[in-house]
2 protein chains.
Amino acid sequence: MAQPKKAASIWDVARLAGVSHQTVSRVVNGSPRVAAATRDKVLEAIAELGYRPNRLARSLAGGAVESVTVLAADTSLYGPEAALRGIEKAARSLDWSVQISVLDPADTHSDEDIIARLPRAGEPTIIMAHDEPGMRAKQVLLDTQPQAMVAIGPYTAEELAASPWLVGMDDGKAAAEATRYLLDQGHETVHHLAIPTSTGTFGGGKAHRADGWARTLREAGREVPDAVPSGWTFAEAFKAVQPLIADPSVTAILCGNDHLALATLRAAHLAGRDVPGDLSIVGFDNTPFTAYTTPALTTVNQDFESVGRGAFELLRHRVDSTNPRPKPSWPDPELIIRETSGPPRSRS
Amino acid sequence: MAQPKKAASIWDVARLAGVSHQTVSRVVNGSPRVAAATRDKVLEAIAELGYRPNRLARSLAGGAVESVTVLAADTSLYGPEAALRGIEKAARSLDWSVQISVLDPADTHSDEDIIARLPRAGEPTIIMAHDEPGMRAKQVLLDTQPQAMVAIGPYTAEELAASPWLVGMDDGKAAAEATRYLLDQGHETVHHLAIPTSTGTFGGGKAHRADGWARTLREAGREVPDAVPSGWTFAEAFKAVQPLIADPSVTAILCGNDHLALATLRAAHLAGRDVPGDLSIVGFDNTPFTAYTTPALTTVNQDFESVGRGAFELLRHRVDSTNPRPKPSWPDPELIIRETSGPPRSRS
DNA sequence: CCGAGTGATGTTAACGATCACTTTGGTTAT
DNA sequence: ATAACCAAAGTGATCGTTAACATCACTCGG
């Protein structure tokens, strides 16, 4: 206890078992070419010394890679969190180790900063490119080690097919579905409270939520109101949505995610607007809390976990092309209709 | 591109710059004993080759440690997430690298499984011991490498003082404060919907939420109803709380966290019980969404981020005792009164 | 009875960095 | 002029592990 005795190495085990270190290595890695008696001796020594292999040394020595680093910023959102779970599960089932490194959204990381997150050059990496820091990180890794990276984000089928390092879902399609549903309910038009990545520097891709929304309105020959930009937090959303809430001609708001939707619901309640009578609100992501708000939020469910799984499979293929390339799949979004949406109350 | 050309090593840089590998090492690590001209040559070579030091090799060679691994299970709860942010910030500001390894709550990890999470024996580790898998992990690490671990969890001042590897907050005290508040509002007694760790195998510590609640009721001479055990999910909480909702004599429920509180609020609404008229509900943790539900949740705020920071400082002390031992501090819990609590409606 | 094959081990050389020394020159004090 | 010193740079060992190759003792077929 007072003596922080150093951890046993493969050599200590070898000495105690009376064999060479290489034989110990063979036992540890389950090589078949070890006599049963020897194996037992070694295992005994391992147990006695409490030996555990040093993963750093192992991968330095060029052993199998079997480790992924996930770069993510905001893991408090349900989508990324679920995708992460998918990656974890897929990786664990193959005995890969998974490390997560969190990018600070406030901080603007320099390129070196981002690269320094990786334990070594060429470390297999999955990037959650759903927000600004993630998209930055994607660019940096793309320039640095494109062969050992995969990014998750909102992309169309074409984009996915064109870029061998992308995995994602077509958020635009999902937004289109939600918008069409609101139109079908009889709303004149649908307003949009947009997450930061749908607008500004990084936004504008056809697979983005705002794009799917606008496209659908145009196709239906409706007026396309300006999308209202919001920050990621409840407080920012609450503030940003006020003009929409105050405007009685607004009867339906599609929100960029469920957090924005909850803030909108709250704002509507405080302003005395009835939901869904005066105003329909639709969220995005099917975050667990949405089923338990009052009224319960209508939202769009997407299978993030399977996207995470797909990202891991693709990474495995890219790192070692003997692994099969998973066929790109975009899980179909599913609209979950609950209590915050319905037909507009007919004007008197 | 086709050629996944190997990453440049320190030797490649040395050769290109016409110096020894050791000089390159000096430049990279900012040693003062390098001539300016040499430094420039080396930096140029580094830039040209896109060299980045291999962290694995570096820590193998016995360089400064400067890396923490955080073991956590459920990071979707606000508390752990905020604590993690605290660790991240503290670590980054000293240029330590942080890896997170997620324990699967469903899976019962074997001891080796948990240990295998660490990149090497002796890796400095912080464990989020707020749930079952975390508590398991704490035990395992305690047996394996107590000198390089710190655990975060609910502990009393005495427990914290006695165990040099613990950091935490006195949840019992916080629960006591919330319970006293409800009693002061005039409620006969207060019921408790408990998180799994407050009951069962791991529960029962004096710093646990359920304990603070029961203690306060006893001290006030009130009847102490059985705590109602709940799982972690909304669905489990919703189901578990039904008997309390159905019982009209129940006028106040203290919930083990904000998720349970939201489920309780939803259940009360569906059962037609008015909140806070018929029923007061108090949550725990001040999860961001609590300010935006309708009615907004009364809850207990705790400064998780500073606990995370404290954990990192303590770990630094334990790994290298020349670093000062941070004085244990338990940030004071703060009751945030919003709209789900108040005096009971007087019986007619 | 001998050479080839084979299964179980040992030996040596990386891997990419740091650490503890050693060497090389040029100043400075005596 | 010479010892002493110092800054700048190099050399070799080392960290814990795996890969590649070498060795050794058997067994087996001809």
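Here is the naming used below: chain letters follow the sequence lines, and residue numbers restart at 1 for every chain. Note that the coordinates shown come from a computational prediction; the quantities given were computed from them, not determined experimentally.
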Going by side chain to side chain donor-acceptor pair (under 3.5 Å), name the pairs with one or both residues in [range], residues two or more places apart or in two chains.
range                       : answer
residues 37-54 of chain B   : A/Gln145-B/Arg52
residues 311-328 of chain B : B/Asp320-B/Thr322
residues 57-71 of chain B   : B/Ser67-B/Glu123, B/Thr69-B/Glu123

Donor-acceptor pairs under 3.5 Å, side chain of residues 7-22 of chain B to any protein atom, not counting sequence neighbours: which ones?
| unit_1 | atom_1 | unit_2 | atom_2 | d |
| --- | --- | --- | --- | --- |
| B/Ser9 | OG | B/Trp11 | N | 3.1 |
| B/Asp12 | OD2 | B/Ser9 | N | 2.8 |
| B/Ser20 | OG | B/Gln22 | N | 3.4 |
| B/Ser20 | OG | B/Thr23 | N | 3.4 |
| B/Ser20 | OG | B/Thr23 | OG1 | 3.3 |

* Does a side-chain heavy-atom distance below 4.5 Å link B/Val102 with A/Val98? -> no
* Would you say A/Arg117 and A/Leu103 make side-chain contact, with heavy atoms under 4.5 Å? -> yes
Distances under 3.5 Å only, N/O to N/O: pair up the protein atoms with those of nucleotides 11-15 of chain C.
| unit_1 | atom_1 | unit_2 | atom_2 | d |
| --- | --- | --- | --- | --- |
| C/dT12 | O4 | A/His21 | NE2 | 3.4 |
| C/dC15 | O2 | A/Leu60 | O | 3.4 |
| C/dC15 | O2 | A/Ala61 | N | 3.3 |

* First contact, last contact: which nucleotides of DNA chain D are these for chain A, 5' to 3', heavy-atom distance under 4.0 Å? -> D/dG16 to D/dA20
* Considering all heavy atoms of both residues, which atom of B/Leu315 and which atom of B/Pro124 are nearest to each other, and what is their separation? ->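 Looks like CD2-CB, 3.7 Å.
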* Asked: What heavy-atom pair brings B/Ala137 and B/Ile114 nearest, and what distance separates the two atoms?
  -> CA-CD1, 3.9 Å
* To the nearest 10 degrees, how far apart in direction are the end axes of the helix from C/dC1-D/dG30 to C/dT30-D/dA1, each fit to five base pairs? ->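 Answer for the end axes of this duplex: 50°.
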Contacts under 3.5 angstrom, residues 70-91 of chain B side chains, donor-acceptor by atom type, not counting sequence neighbours:
| unit_1 | atom_1 | unit_2 | atom_2 | d |
| --- | --- | --- | --- | --- |
| B/Asp74 | OD1 | B/Ser76 | N | 2.9 |
| B/Asp74 | OD1 | B/Ser76 | OG | 2.6 |
| B/Glu81 | OE2 | B/Arg85 | NH1 | 3.3 |
| B/Glu88 | OE1 | B/Arg92 | NE | 3.3 |
| B/Lys89 | NZ | B/Glu305 | OE2 | 2.9 |

Touch class at under 4.0 angstrom, heavy-atom based, for [X] against every strand present:
X       : answer
A/Ser59 : nothing
B/Val28 : nothing
A/Arg33 : base

* Asked: A/Asn29: what forms a side-chain hydrogen bond (donor to acceptor under 3.5 Å, both in side chains) with it, not counting sequence neighbours?
  -> A/Ser25
* Please check if any side-chain donor atom of A/Ser97 sits under 3.5 Å from a side-chain acceptor atom of A/Gln99, or the reverse. => yes
* To do: Would you please confirm or rule out a distance under 4.0 Å between OP1 or OP2 of C/dT18 and any side-chain N or O of B/Ser25?
  => yes
* Nucleic acid contacts of residues 44-55 of chain A, taken as heavy-atom distances under 4.0 Å to DNA chain C ->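 When residues 44-55 of chain A is checked for heavy atoms under 4.0 Å from DNA chain C, there are no hits whatsoever.
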* To do: Could you name each residue pair satisfying ring pair (Phe, Tyr, Trp, His ring centres under 6.0 Å) that touches residues 87-106 of chain A, not counting sequence neighbours?
  =>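 Sorted pair list: A/Trp96-A/Phe312.
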* To do: Please list all pairs passing the ring pair (Phe, Tyr, Trp, His ring centres under 6.0 Å) test where one or both residues lie in residues 129-153 of chain A, with sequence neighbours left out.
  =>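 Of all non-adjacent pairs touching residues 129-153 of chain A, none passes ring pair (Phe, Tyr, Trp, His ring centres under 6.0 Å).
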